[in-house]
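Structure first, then comments.
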Amino acid sequence: MVFSAVPMVHASETQEKVLFLVEEGDRLIASNTLFSRFDELRISAKEQVVQQKVAQAVAVVVTNQRIVAYGAHAPGWESVRLHANERVESIQAEDASALVVTSDRLLNFYGRRGSWAITKRSIDL
């Protein structure tokens with residue numbers, strides 16, 4: 001008998017769209033249909049939204065001061081401050097995960113747990 005440790009992925013297991021982002025003045029609102037709730041993120045007067053990505057169950061917002069993510073499965077906004085002179089180079093968001101590449105760091109966010117993982121980039125590439 002042979003057993004496989006690789007999980008089988010079926011089309012029915014794909015992540016459905018449960019998260020939407022609404023911009024309204026000085027706030028962003030995560031519309032989380034999974035838990036029938038709305039969660040607000042306030043943007044301060046000196047803060048500006050630079051870019052954002054929304055996937056099926058995760059959203060990432062970059063401002064001139066911080067990177068903020070929201071996961072539909074672990075509802076709530078989680079923020080990471082940008083370092084001085086740090087530039088965001090790219091953002092990817094898919095299903096319940098996101099990746100942010102900056103000039104200094106790699107940051108990933110897992111929306112099912114609502115947690116960031118961060119590592120320093122090697123500048124000697």
Side-chain angles (χ1 to χ4, degrees):
M1 239 179 177
V2 176
F3 294 97
S4 174
V6 178
M8 299 293 291
V9 177
H10 302 283
S12 63
E13 293 179 21
T14 60
Q15 175 65 58
E16 65 183 328
K17 179 76 172 169
V18 295
L19 183 62
F20 301 88
L21 198 57
V22 178
E23 290 184 64
E24 192 170 84
D26 64 345
R27 63 189 186 142
L28 294 172
I29 302 166
S31 170
N32 183 341
T33 62
L34 183 64
F35 290 112
S36 299
R37 60 186 283 166
F38 297 92
D39 293 292
E40 182 179 300
L41 173 68
R42 287 274 179 197
I43 304 296
S44 71
K46 294 180 181 180
E47 194 172 19
Q48 297 174 350
V49 173
V50 177
Q51 53 185 311
Q52 61 187 16
K53 294 275 184 176
V54 181
Q56 291 81 350
V58 71
V60 179
V61 177
V62 175
T63 74
N64 57 331
Q65 298 176 7
R66 59 187 171 154
I67 304 167
V68 190
Y70 181 94
H73 295 272
W77 291 99
E78 297 295 331
S79 154
V80 174
R81 301 291 297 171
L82 284 169
H83 295 163
N85 301 316
E86 185 175 24
R87 296 174 323 281
V88 174
E89 295 179 359
S90 68
I91 302 173
Q92 297 176 54
E94 190 171 324
D95 294 333
S97 299
L99 172 69
V100 179
V101 178
T102 75
S103 54
D104 298 337
R105 302 177 287 176
L106 302 173
L107 303 94
N108 68 35
F109 183 80
Y110 188 50
R112 291 186 185 272
R113 269 195 312 270
S115 61
W116 283 103
I118 304 168
T119 190
K120 188 105 172 106
R121 278 185 76 179
S122 171
I123 305 302
D124 303 334
L125 297 176

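Given the structure is predicted, the values throughout are model-derived calculations rather than measurements.
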Non-neighbouring partners of Q51 that pass side-chain hydrogen bond (donor to acceptor under 3.5 Å, both in side chains), sequence neighbours left out: none

Closest approach of S97 to Y110 (non-hydrogen atoms, all atoms of both residues): OG-CD1, 3.6 Å

From L28 atom CG to I43 atom CD1, the distance as rounded to the nearest 0.5 Å: 4.5 Å

What heavy-atom pair brings W116 and A69 nearest, and what distance separates the two atoms? CZ2-CB, 3.5 Å

Under a 3.5 Å distance rule, please check whether S103 uses its side chain to pair with a backbone N or O of R87 as donor and acceptor. yes

According to the ring-ring contact (aromatic ring centres under 6.0 Å, His included) rule, which pairs have a member within residues 31-57, sequence neighbours left out? none

Hits for side-chain hydrogen bond (donor to acceptor under 3.5 Å, both in side chains) against R81, two or more places apart or cross-chain, chain-then-number order -> none

Any chance CZ of R113 has more than 12 other-residue heavy atoms, nucleotides or ligands included, within less than 6.0 Å? no

The criterion is side-chain hydrogen bond (donor to acceptor under 3.5 Å, both in side chains); which residues satisfy it with E94, sequence neighbours excluded? none

Single-linkage hydrophobic cluster L107~V61, side-chain heavy atoms < 4.5 angstrom: no

For A57, side chain to side chain contact (heavy atoms under 4.5 Å, CB included) partners two or more places apart: Q15, V18, A72, H73, A96

For Q56 and D95, indicate whether the former's side chain and the latter's backbone hold a donor-acceptor pair under 3.5 Å. yes

Heavy atoms, side chains only, cut-off 4.5 Å: are V54 and K17 in contact? yes

Can you see which heavy atom on G114 is nearest to which on E78, and at what distance? O-CG, 3.4 Å

Close side-chain approach of I67 and T102, heavy atoms under 4.5 Å: yes

Count the heavy atoms of every other residue, nucleotide or ligand shown that sit under 6.0 Å from CD of Q92, and state whether that count exceeds 12. no

Heavy-atom nearest pair, N64 first then K46, reads ND2-O, 3.2 Å

Between atom OG1 of T33 and atom CG of L19, what is the distance when rounded to the nearest 0.5 Å? 8.0 Å

Any idea which heavy atoms bring N32 and L34 closest together, and the distance? OD1-N, 3.0 Å

Answer yes or no: is there a donor N or O on one side and an acceptor on the other, between the side chain of D104 and the main chain of E86, under 3.5 Å? no

Here the ring-ring contact (aromatic ring centres under 6.0 Å, His included) pairs for residues 48-70, sequence neighbours left out, are Y70-W77

Are any of the side-chain heavy atoms of V100 and V80 separated by less than 4.5 Å? no

